[in-house]
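Note that the coordinates shown come from a computational prediction; the quantities given were computed from them, not determined experimentally. Residue numbering restarts at 1 for every chain, and letters A, B, ... go by the order of the sequence lines.
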Protein chains: 2
Amino acid sequence: MTARDLTKNQEMVLGALSAADGPLSAYTILDRLRDRGFRAPLQVYRALDKLLDYGLVHRLESINAFVACAHPHCHGHGSIAFAICEKCGQVEEFSDATVQSRLGDWSREHGFKPSKTAIEIRGTCATCLA
Amino acid sequence: MTARDLTKNQEMVLGALSAADGPLSAYTILDRLRDRGFRAPLQVYRALDKLLDYGLVHRLESINAFVACAHPHCHGHGSIAFAICEKCGQVEEFSDATVQSRLGDWSREHGFKPSKTAIEIRGTCATCLA
DNA sequence: TTCGTTGCGTAACGCTATAACGTCCGTTAT
DNA sequence: ATAACGGACGTTATAGCGTTACGCAACGAA
Ligand SMILES: [Zn+2]
Ligand SMILES: [Zn+2]
Ligand SMILES: [Zn+2]
Ligand SMILES: [Zn+2]
């Protein structure tokens, strides 16, 4: 379950995401892998599912896209936050212990058992503002 | 721009969301309003756009659904968080000043100008755990 | 062997959202 | 008044995102 033994498809999808300079939609990944044998969306989605499980890839819920994890080694990142530039598409991945702890507090106080947390800030990055 | 003067379509969409006991997809709203004259997705999406502008409705990015604001009077809620139960579909809307401030800090420090923030915790609610 | 699990390939389908028309109506300027 | 504009509306078609359903092949456990 802890990865390290990716299948051919999984490696190609992860490769496409790593090579990209920003998040990619599943169908964009498909297009970029067509000349390497990909034919159908399911090939991409199946690979993505596993890569998400392994923590090597993150899904950006607010833009229906996927991005390679920026810190695949820092294994423990619980809830991650993303800053997504709406101009250039660049994404910054970060995590904040205080935010995590506050959201954890709320969950505990309300008897809510969290499974997956999404924190996404959309806006304009420093580069695009300059 | 500050609402108070909803059109017929906007009122019907808001009514459908308020009457529902949980978030609804745009197409579910469409189905529920068919006998009141709704025919096409665009009628729903156009109304939703305005209602989102007015702050009367929130979009749940991680499940492609919409929900009536739980506190339409507390006008000022900047970035809101949602706890979404994956069992029963119930949604709790809350806001945490510390979380907001921490995310604001990160943005300021990184020269990022935020426009819209989504915080969504998926998991299992207290009721469904019991 | 037999079975269960996992990954893969293909086709079809369903759900989510927008583009591109044209129309109607109330407000405003001439 | 009437022309011009903006905003909401209706309809059709299309684009984009994701899953269901089927069958096959490989591998390890029983
Ligand atoms: Zn990561
Ligand atoms: Zn940018
Ligand atoms: Zn609200
Ligand atoms: Zn529940």
To the nearest 0.5 Å, what is the distance between CZ (R59(A)) and OG (S62(B))? 9.0 Å
Out of curiosity, R102(A) CZ to R102(B) CZ, how far, rounded to the nearest 0.5 Å? 12.0 Å
Can you list, in residue-number order, the parts of residues 35-48 of chain A that come under 4.0 Å of DNA chain D, counting heavy atoms only? L42(A), Y45(A)
Contact residues, residues 15-34 of chain A to DNA chain D [heavy atom, < 4.0 Å]: S25(A), Y27(A)
Compare all side-chain heavy atoms of C125(A) with those of E92(A) and state whether any distance is below 4.5 angstrom. no
Sub-4.5 Å side-chain heavy-atom contact between I121(B) and S107(A): yes
Using the test ring pair (Phe, Tyr, Trp, His ring centres under 6.0 Å), find all partners of F94(B) that sit at least two apart in sequence or belong to another chain. W106(A)
Across all chains, not counting sequence neighbours, the ring pair (Phe, Tyr, Trp, His ring centres under 6.0 Å) partners of F82(A) are H58(A)
Under a 4.0 Å threshold between the charged nitrogen and the carboxylate oxygen, would D49(A) count as salt-bridged to R46(A)? no
Does [X] share a hydrophobic cluster with [Y], counting links as ILVMFWY side-chain heavy atoms below 4.5 Å and allowing steps through other members?
X       : Y       : value
I84(B)  : V99(A)  : no
I119(A) : F112(B) : yes
V44(B)  : V67(B)  : no
I63(B)  : L103(A) : no
F66(A)  : L24(A)  : yes

Which residues share a salt bridge (Lys or Arg N to Asp or Glu O under 4.0 Å) with E120(A), sequence neighbours left out: none
State which residues pass salt bridge (Lys or Arg N to Asp or Glu O under 4.0 Å) with D105(B); sequence neighbours excluded, sorted by chain then number. R108(B)
Counted 5' to 3', the first and last nucleotides of DNA chain D within 4.0 Å (strictly under) of a heavy-atom of chain A are dC17(D) to dA21(D)
Compute the bend angle of the helix from dT1(C)-dA30(D) to dT30(C)-dA1(D) from the end axes (five pairs per end), rounded to 10°. 20°
With distance as the sole test, does S115(B) use its side chain to make a donor-acceptor pair with the main-chain N or O of R122(A) at under 3.5 Å? yes
Could you pull out every donor-acceptor pair under 3.5 Å between side chains of residues 6-22 of chain A and any protein atom, sequence neighbours left out?
{"from": "T7(A)", "atom 1": "OG1", "to": "Q10(A)", "atom 2": "N", "distance (Å)": "3.3"}
{"from": "Q10(A)", "atom 1": "OE1", "to": "T7(A)", "atom 2": "N", "distance (Å)": "3.2"}
{"from": "S18(A)", "atom 1": "OG", "to": "L14(A)", "atom 2": "O", "distance (Å)": "2.9"}

Under 4.0 Å from any heavy atom of chain A: name the first and the last nucleotide of DNA chain C that qualifies, 5' to 3'. dG7(C) to dT10(C)
ring-ring contact (aromatic ring centres under 6.0 Å, His included): pairs with one or both residues in residues 18-45 of chain B, sequence neighbours excluded: none
Under 4.0 Å, heavy atom to any atom of DNA chain C: which of residues 7-14 of chain A qualify? T7(A), N9(A)
